Protein chains: 2
Amino acid sequence: MDRPTGTGEDYLRLDNQICFSLHAATRAFNGVYRGALKELGLTYPQYLVMLVLWEHGELPVKGIGERLKLDSGTLSPLLKRLEAAGYVERRRSPEDERSVTVRVTEEGAALRRKALGVPRAIAAATGLELEEIQELRDRLHALAARLDAVDAGALGCG
Amino acid sequence: MDRPTGTGEDYLRLDNQICFSLHAATRAFNGVYRGALKELGLTYPQYLVMLVLWEHGELPVKGIGERLKLDSGTLSPLLKRLEAAGYVERRRSPEDERSVTVRVTEEGAALRRKALGVPRAIAAATGLELEEIQELRDRLHALAARLDAVDAGALGCG
DNA sequence: CGCCATTAGATTGTGCACAACTTAATTGAG
DNA sequence: CTCAATTAAGTTGTGCACAATCTAATGGCG
C-alpha cells in the first residue's frame, strides 16, 4: 500500500470510521426498535411521527416535516399507512385548502399508552447512564446542525 | 397532559431525543456525502463498499457483508450497479461455486485517487477536531456493538 | 454413493429517504 | 382584478435496509 501521507490515506481511514460508526449505530438502533415496536405495529419512522403527534395532538404535514426534517415524499405514504392502521386522521384544512391536518385518533391515543414502556427498554438496551445518553444526544444534535448548515450553505470554509 | 411519573413520560422524551438525534445526524451526514460523492457517481453506501474493496482489493460478497453488516439483499443489487458503472467485477469463485468474488477494476482504482479528497472535506464539514471525532466514533462503535448484542440475544437484563 | 443440513447469493416484497415533477390553492404585484 | 410566483401535498422514480424465500453448491454422515 502507499505510504500514508497525512493528506489522504489516514484521513480516509478515520472518516471511514466515524461515518460508518454512525451508520452502524443507526441501523443497530433500528434493529432494537424494530423488535420493541413490532407488537405496536409501528416502524421506527412511524414511531417518530407518532411521538410528535402525541406531543402536539394535531399538526399539518408541513409541521411534522419541519420537526423530523422529512419532506412530503417521505411523509405522504407514511401517513397514509398510519391512517390505514387507524392511528391518525388526515383532513384538508378549511382555512387553507393546500394544507392537510393530521390528528391522532382515539386508537392512536390508546397506542400511546402501550408505547410508554418502549423507551425504557431502549434505554436499557444501550447500557448507558442517563447522563451519557444526554451528552451523546447533545453532541449528535450539534453535529447534525452543523452538517445541515454546511449542506444547505454549500461549505463555508473552516 | 398527565403529570410526568418518572416511569414513562420523561424517559419517552429523552429517548425521543437520543434516537432522533442519531437518525438526524445520519441523514445529515448522508446529505453532505451526497454532495461530496456526486462527482464520483457514488452513493454513500456504494462509497462504503468501495472503501472496503480499496482496502482489500478483492473480497467475496460475504466478506463485504460482514465488514459493513449488510446482507445479500442489500449488496446484490448495489454491487450490480457498481459493476454496471465499471468500478468492480464480479465472478463466481472457481474453488466454491457458491461464492462470488468482487474485485476492483482499473477504473475503480482510478476512482480511489479521485476519492482521496473526500474525507478531508467531510471532516472539515463536521467542524470537529480529530480527537473529538475519534471519541465520538468510539462511543458510537461501543453503542452499536451493545445494541447489536442485545438485538441478537433478545435482551439480557441489566 | 445417496441424502440431508448448511451455506452463498439472488430474488421478492415492504418501507424509508430524497430528488424531481405535478397539481391545486394562495399570495402579491401591477 | 389578473396573472405570475409561491406554497403544501402528492406522485414518480431511484436506491438502500431488511425479512422471507428460493436456488444451487458444498459438506457431512450413514
Side-chain angles (χ1 to χ4, degrees), chain A residues 19-20 23-35 37-38 41-50 59-66 68-85 90-102 144 148 151-152, chain B residues 19-20 23-35 37-38 41-50 59-66 68-85 90-102 144 148 151-152:
Chain A
C19 66
F20 174 61
H23 202 65
T26 294
R27 280 180 301 142
F29 249 115
N30 280 340
V32 174
Y33 270 102
R34 204 187 317 282
L37 294 174
K38 187 180 289 181
L42 292 178
T43 65
Y44 175 61
Q46 288 168 7
Y47 174 69
L48 289 180
V49 168
M50 291 307 294
L59 279 174
V61 173
K62 181 177 170 53
I64 299 173
E66 283 168 355
L68 299 181
K69 292 183 191 298
L70 293 171
D71 67 8
S72 67
T74 300
L75 287 174
S76 287
L78 189 157
L79 290 169
K80 278 188 191 172
R81 284 186 283 269
L82 284 179
E83 186 175 43
R90 297 183 307 146
R91 62 175 209 291
R92 253 33 245 192
S93 162
E95 309 98 57
D96 187 340
E97 287 281 338
R98 290 171 305 179
S99 177
V100 167
T101 302
V102 183
D148 281 336
D151 197 23
Chain B
C19 65
F20 174 60
H23 203 64
T26 294
R27 281 181 301 141
F29 250 115
N30 280 339
V32 174
Y33 270 102
R34 204 187 317 281
L37 295 174
K38 185 180 292 180
L42 293 178
T43 66
Y44 175 60
Q46 287 167 8
Y47 174 69
L48 289 180
V49 168
M50 292 308 294
L59 279 174
V61 172
K62 182 176 170 53
I64 300 172
E66 283 168 354
L68 299 180
K69 292 185 190 301
L70 294 172
D71 67 9
S72 67
T74 300
L75 287 174
S76 288
L78 188 156
L79 290 169
K80 277 188 191 172
R81 284 187 283 270
L82 283 179
E83 185 173 45
R90 298 182 307 145
R91 61 176 209 289
R92 251 42 243 188
S93 162
E95 309 98 58
D96 186 340
E97 287 283 337
R98 290 171 304 179
S99 178
V100 166
T101 302
V102 183
D148 281 334
D151 196 22

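Since we're looking at a predicted model, the values are computed, not measured. Naming convention: chains lettered A, B, ... in sequence-line order (proteins, then strands); numbering from 1 in each chain. Note: hydrogens, waters and symmetry copies are ignored here, and every other heavy atom, side chains too, is used.
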Atom [atom1] of [X] and atom [atom2] of [N]: how far apart are they, to the nearest Å?
X: Arg27(A); N: dA19(D); atom1: CZ; atom2: P; value: 11 Å
X: Arg92(B); N: dT23(D); atom1: CZ; atom2: P; value: 15 Å
X: Tyr33(A); N: dA17(D); atom1: OH; atom2: P; value: 20 Å
X: Tyr44(B); N: dT14(D); atom1: OH; atom2: P; value: 24 Å
X: Lys69(B); N: dC18(D); atom1: NZ; atom2: P; value: 11 Å
X: Arg98(B); N: dA8(C); atom1: CZ; atom2: C1'; value: 6 Å
X: Leu79(A); N: dA9(D); atom1: CG; atom2: C1'; value: 11 Å
X: Asp71(B); N: dG9(C); atom1: CG; atom2: P; value: 12 Å

Considering every strand and a 4.0 Å limit on heavy-atom distances, what is the contact class for [X]: base, sugar-phosphate, or nothing?
X: Glu66(A); answer: nothing
X: Thr74(A); answer: base
X: Lys38(B); answer: nothing
X: Pro77(A); answer: nothing
X: Asn30(A); answer: nothing
X: Leu70(B); answer: sugar-phosphate

task = For dG10(D), take OP1 and OP2 only and decide whether either is under 4.0 Å from a side-chain N or O of Arg90(A).
result =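 For dG10(D), OP1 or OP2 has a side-chain N or O of Arg90(A) closer than 4.0 Å.
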message = With a cut-off of less than 4.0 Å, is there a side-chain N or O of Arg34(B) near OP1 or OP2 of dA19(C)?
response =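 Indeed, a polar side-chain atom of Arg34(B) lies that close.
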query = On a plain distance test, is the side chain of Ser72(A) in donor-acceptor contact with the base of dG10(D) below 3.5 Å?
reply =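 Per atom types, the contact qualifies.
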query = If you find the nucleotide of DNA chain D closest to Ser93(B) and the one closest to Ser76(A), which residue's nucleotide is nearer the 5' end?
reply = Ser76(A)
Of the nucleotides [options], which one has an atom closest to the side chain of [X]?
X: Lys80(A); options: dT11(D), dG15(C), dC18(C); value: dT11(D)
X: Val100(A); options: dA8(D), dG9(C), dG10(D); value: dG10(D)
X: Glu97(B); options: dG15(C), dG10(D), dA25(D); value: dA25(D)
X: Asp96(B); options: dA25(D), dG9(C), dA9(D); value: dA25(D)
X: Lys62(A); options: dA25(C), dA9(D), dA19(D); value: dA9(D)
X: Val61(A); options: dG15(C), dG10(D), dA25(C); value: dG10(D)
X: Ser99(A); options: dA9(D), dC18(C), dA10(C); value: dA9(D)

message = Judged by each residue's nearest nucleotide on DNA chain C, which is more toward the 5′ side, Pro45(A) or Glu95(A)?
response =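 Mapping each residue to its closest nucleotide by heavy atoms, the 5'-most match is Pro45(A).
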task = Evaluate the side-chain contact (heavy atoms from CB on, under 4.5 Å) criterion for residues Asp148(A) and Lys69(A): first the C-alpha distance (whole Å), next the side-chain angles of each, then the deciding distance (0.1 Å), finally the verdict.
result = CA-CA 10 Å; Asp148(A) 281 336; Lys69(A) 292 183 191 298; 3.5 Å; yes
task = Could you tell me whether the side chain of Arg90(A) reaches within less than 4.5 Å of the side chain of Val61(A), counting heavy atoms only?
result =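 Not touching, per the 4.5 Å side-chain cut-off.
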ask   = Is there a side-chain contact between Pro45(A) and Leu68(A) (heavy atoms, below 4.5 Å)?
value =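 No - every pair of side-chain heavy atoms lies 4.5 Å or more apart.
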message = Assess the residue pair Val100(B) and Ser76(B) against the criterion (side-chain contact (heavy atoms from CB on, under 4.5 Å)); give the C-alpha distance rounded to whole Å, side-chain angles, the decisive distance to 0.1 Å, and a yes or no.
response = CA-CA 10 Å; Val100(B) 166; Ser76(B) 288; over 6 Å; no
side-chain contact (heavy atoms from CB on, under 4.5 Å) assessment of Arg27(B) paired with Leu70(A) = CA-CA 10 Å; Arg27(B) 281 181 301 141; Leu70(A) 293 171; 2.9 Å; yes
query = Taking only residues two or more places apart in sequence, or in another chain, which ones meet Thr43(A) in a side chain to side chain donor-acceptor pair (under 3.5 Å)?
reply = none
